[in-house]
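Shown next, in C-alpha cells, is the structure this report addresses.
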Amino acid sequence: MNAQRVAELISFARQHSPYYRDLYSGLPAETTDLTALPLVDHTAYWKAHGEPVSQVLTGPHTEGIVFKTGGTTGTPRVSQYTRDEWRAMSRRFGDGLPAAGLRAGDRVANLFYAGELYSSFVFTLNCLQDAPVPTVQLPIGGGSPLDFTVGALRDFNATVIAAPPTSLCRLAIEVVNTVGTLPGVRLALFSGEALYGDQLSLLDKAFPGIEVRSIGYASVDAGVLAGPVAGEPDPRVHEVFAPDKVVELLDPETGEPVEEPGRPGRVVATDLVRRLMPVIRYPVGDMAEWVDFPQRRFRLLGRSEEGARVGVVTVYLEDLRQLVETVDKQGLVAGVQVVLRHRETRDELVLRLAAHSSGDAADRRLLERALTERLASVRPMFDEHVREGKIHPLAFEWVGLDGLILNARTGKLVRLIDERMD
C-alpha cells in the first residue's frame with residue numbers, strides 16, 4: 001500500500017467532500033492510516049449523495065460520465081466519473097483481458113446491457129478498445145433478439161462472447177434449439193453474477209469445448225477492483241489492481257483485518273485514483289478469502305449482508321427490510337431473512353418471513369402479493385428480469401419465530417443466506 005498516496009487521498013477528501021469531512025471529524029488532522037478510518041455506511045453515503053447538492057462529491061461534475069447502480073428505494077444511486085477517471089479505469093481493466101484468455105484477432109460479441117444509465121455494455125466496449133491485444137468488436141448488446149444474436153455470431157465468426165451468466169445461458173438454449181452448436185465460439189467472458197456448474201454444462205452443449213472465464217471484478221459504485229489470473233482454473237480467483245486499488249478483507253463479526261488464506265471476510269475497497277466521488281473503505285457487498293495475500297489474490301465467495309445479488313440485479317437488504325415494514329400493515333411479520341438459491345440455471349430470491357402466530361393463510365397470500373407488487377414498483381429491473389425468464393419470481397417461506405437462522409457465536413440474526421455456494 002502506497003502510504004503517501006493514501007495520505008493524499010484522505011487529506012483531499014477531508015478538504016473537498018462534506019460527507020468525508022463529517023465522517024472523519026473525530027479523527028486527528030494528521031490521520032494517514034487507512035485502517036484507522038471508519039467504514040462507509042451505505043445508507044448515509046447514498047443519502048448524502050442523493051441530496052440536491054451532493055455532499056459526497058468534491059466539486060462540480062462538468063465532464064465525464066454518469067451511471068446508475070443498484071437500489072430498491074425511490075432514491076436513485078448514481079455514480080459519477082470524470083473523463084480521465086473513466087479512461088484510467090477502462091485501460092486498467094483492459095490490461096487484464098489477456099489473462100482472461102483474450103487473443104489478438106479475436107472477434108468479441110459484446111452482449112452486455114446498454115441504455116438507461118447502465119454501465120456494462122459501454123464499459124466493456126471501452127475496455128476492449130484499450131486492451132493491449134487487437135480485437136474486432138461486435139456490439140450486439142444484451143437487448144437484441146436471440147435469433148438476431150445467434151445469426152450475428154455465426155455471420156461475423158465470433159470467437160468470444162461477453163455477457164452475464166444468465167444471458168449466456170439464454171443464448172446457449174437458443175443456439176441448441178436452432179442451429180445446434182456454434183463451435184467457433186471458444187471463450188465466454190462473464191461478470192455481474194456468479195456462474196454455476198449447471199450453467200457450464202449448458203454452455204458446453206452450445207459451444208463445444210468453450211472456456212469460461214471472469215472478465216474481471218468491478219462494480220459501478222466501487223469501480224474496478226481486480227482482474228483474472230492467467231492459468232487459474234477457478235474463475236472466482238482475482239488479483240487486485242495494485243497499487244491503484246486497495247482491497248481489504250474484514251472479519252464479518254469483529255471487523256478485524258483478515259490476511260490468512262481460507263478465512264472469509266467482507267470485501268472493502270479504496271480507490272486511490274478517483275477524486276470526484278471518492279471511494280474510501282467502501283464495503284462492496286461481497287465475501288471473499290485470500291488465496292495468496294502477498295500477491296493480493298482472492299477468491300470470491302458470494303454476497304455479504306449489504307445486498308442480495310439475484311442474477312445481475314442487486315437488491316439491498318435494508319431496502320427489503322423497509323419494504324416488508326411498509327407493506328405489512330397488519331403486523332404479520334416478526335422477522336425477515338433473505339435466502340438466495342439457484343435452480344434450473346436461474347437465481348431465486350426468497351423472503352423467509354417469521355410469523356407472530358400461525359395466522360390466516362389468506363392474509364399471508366395477500367401480503368405476498370402486495371410485497372411482490374411493491375418490489376416490482378420500486379425495483380423495476382427485478383420485475384423485468386422475472387418477466388424475461390432470467391431469474392425466478394420472488395418466493396416466500398413462512399416459519400415460526402424459531403425458524404430463522406442465527407449466528408452460532410453471537411446469536412444475531414443472519415440476514416442473508418446464500419445457498420448457491422453450498
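When reading the values below, keep in mind they use all heavy atoms of this one structure, side chains included, and skip hydrogens, waters and symmetry mates.
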Practice problem: Evaluate the criterion side chain to side chain contact (heavy atoms under 4.5 Å, CB included) for residue pair Val220 and Lys68; output intermediate values, then yes/no. | Solution: CA-CA 7 Å; Val220 177; Lys68 181 175 65 176; over 6 Å; no
Exercise. Please step through salt bridge (charged side-chain N to carboxylate O under 4.0 Å, His left out) for the pair Glu239 and Arg296, ending with a clear verdict.
Key: CA-CA 6 Å; Glu239 184 172 316; Arg296 296 301 190 271; over 6 Å; no
Exercise. With salt bridge (charged side-chain N to carboxylate O under 4.0 Å, His left out) as the test, would you mind laying out the steps for Asp244 and Arg5 before giving the verdict?
Key: CA-CA 9 Å; Asp244 293 339; Arg5 293 182 67 186; 2.9 Å; yes
Exercise. Would you sort out whether Glu232 and Arg299 count as a salt bridge (charged side-chain N to carboxylate O under 4.0 Å, His left out), showing the intermediate values?
Key: CA-CA 11 Å; Glu232 169 57 55; Arg299 177 183 291 108; 5.4 Å; no
Exercise. In sequence, state the C-alpha distance, the side-chain angles, and the governing distance for Arg266 and Asp251, and then conclude on salt bridge (charged side-chain N to carboxylate O under 4.0 Å, His left out).
Key: CA-CA 6 Å; Arg266 297 169 65 204; Asp251 185 279; over 6 Å; no
Quiz prompt | side chain to side chain donor-acceptor pair (under 3.5 Å) between Thr35 and Asp33, intermediate numbers included | solution = CA-CA 6 Å; Thr35 60; Asp33 181 8; 3.0 Å; yes
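Side-chain contact check for Leu97 versus Leu128: some heavy-atom pair is nearer than 4.5 Å. Two residues are said to be in side-chain contact when any heavy atoms from C-beta on lie closer than 4.5 Å; Val279 and Thr270 fail this criterion. Phe190 places a side-chain heavy atom less than 4.5 Å from the side chain of Val212. Looking at Glu419 and Val339, their side chains come closer than 4.5 Å, going by heavy atoms from C-beta outward. Side-chain contact check for Phe396 versus Leu353: some heavy-atom pair is nearer than 4.5 Å. When side chains are defined from C-beta on, Ser214 does not count as touching Leu300, because their heavy atoms never get closer than 4.5 Å. At a threshold of 4.5 Å between non-hydrogen side-chain atoms, the residues Trp86 and Phe123 count as touching. Under the 4.5 Å side-chain criterion, counting only non-hydrogen atoms from C-beta, Ser79 is in contact with Asp221.
Between Ala206 and Pro208, the shortest heavy-atom distance links the atoms O-CD, 3.5 Å. The shortest non-hydrogen separation linking Ile65 to Phe67 is CD1-CZ, 3.3 Å. For Arg420 against Leu340, the heavy-atom pair with the smallest separation is NH2-CD1, 3.2 Å. Across Ala163 and Leu111, no two heavy atoms sit closer than the pair CB-CB, 3.6 Å. Ala222 approaches Arg274 most closely through the heavy-atom pair C-NH1, 3.9 Å. Closest approach of Arg14 and Pro28 over heavy atoms only: NH1-O, 2.9 Å.
Between Trp290 and Phe293, the ring planes lie perpendicular to each other; the angle is over 60°, past the 30° to 60° tilted range. Note: Tyr113 and His385 have tilted aromatic rings, judged against thresholds of 30 and 60 degrees for the angle between ring planes. Below 30°, between 30° and 60°, or above 60°: for Tyr20 and Tyr24 the angle between ring planes is between 30° and 60°, a tilted geometry. Using the six-membered ring where Trp is involved, Tyr282 and Tyr45 have ring planes that are perpendicular, over 60° apart on the 30 and 60° scheme.
Here the straight-line distance linking atom CG of Asn126 with atom CZ of Phe93 works out to 12.0 Å at 0.5 Å rounding. Rounding to the nearest 0.5 Å gives a distance of 8.0 Å between CG of Leu272 and CG of Leu34. With rounding to the nearest 0.5 angstrom, the CD atom of Gln199 is 13.5 Å from the CG atom of Asp204. The CG atom of Leu349 lies 7.0 Å from the CG atom of Leu375; values are rounded to the nearest 0.5 Å. Here the CZ atom belonging to Phe112 is positioned 13.0 Å from the CD1 atom belonging to Ile140, to the nearest 0.5 angstrom.
A distance-only check finds a donor-acceptor pair linking the side chain of Ser17 to the backbone of Gln55 [under 3.5 Å]. Side-chain atoms of His392 come within 3.5 Å of backbone atoms of Arg343 as a donor-acceptor pair (strictly under, hydrogens ignored). Asp22 places no side-chain N or O within donor-acceptor distance of the main-chain N or O of Pro18, the cut-off being under 3.5 Å. Not a single donor-acceptor pair under 3.5 Å links the side chain of Arg374 to the backbone N or O of Arg369. Within the 3.5 Å criterion, the main-chain N or O of Glu373 finds no donor-acceptor partner in the side chain of Ser377. In terms of modelled atom types and a separation under 3.5 Å, the side chain of Ser11 and the main chain of Glu8 share no donor-acceptor contact. Judged by distance alone, with hydrogens and angles left aside, the side-chain atoms of Gln80 form no donor-acceptor pair with the main-chain N or O of Met277 at under 3.5 Å. Remark: side-chain polar atoms of His61 are not paired, donor with acceptor, to backbone N or O of Gly59 under 3.5 angstrom. Checking side-chain atoms of Glu85 against main-chain N and O of Thr82 turns up a donor-acceptor pair under 3.5 Å. The closest donor-acceptor contact from the side chain of Asp347 to the backbone of Gly311 lies under 3.5 Å.
Electrostatic pairing of Glu260 and Arg263 counts as a salt bridge here, judged by a charged N lying under 4.0 Å from a carboxylate O. Using a 4.0 Å cut-off between charged side-chain N and carboxylate O, Asp95 and Arg91 make no salt bridge. Using a 4.0 Å cut-off between charged side-chain N and carboxylate O, Asp319 and Arg77 make a salt bridge.
When only modelled atom types and interatomic distance are considered, Gln337 and Glu397 share no side-chain donor-acceptor pair under 3.5 Å. Counted by atom type alone, Thr135 and Asp106 present zero donor-acceptor pairs between their side chains at under 3.5 Å. Thr314 and Arg309 form a side-chain donor-acceptor contact under 3.5 Å, judged by distance and modelled atom types alone. Looking at Asn110 and Thr124, their side chains never bring a donor and an acceptor atom within 3.5 Å of each other.
Residue-environment remark: CZ (Arg103) stays at or below the threshold of 12 foreign heavy atoms within 6.0 Å. The neighbour count for Glu388 CD, taken as heavy atoms of other residues, nucleotides or ligands under 6.0 Å away, is above 12.
Phe12 carries Arg275 over the face of its six-membered ring, with the cationic atom under 6.0 Å from the centre and within 45° of the normal.
Note: Tyr217 and Phe241 fail the aromatic proximity criterion, with ring centroids not under 6.0 Å apart.
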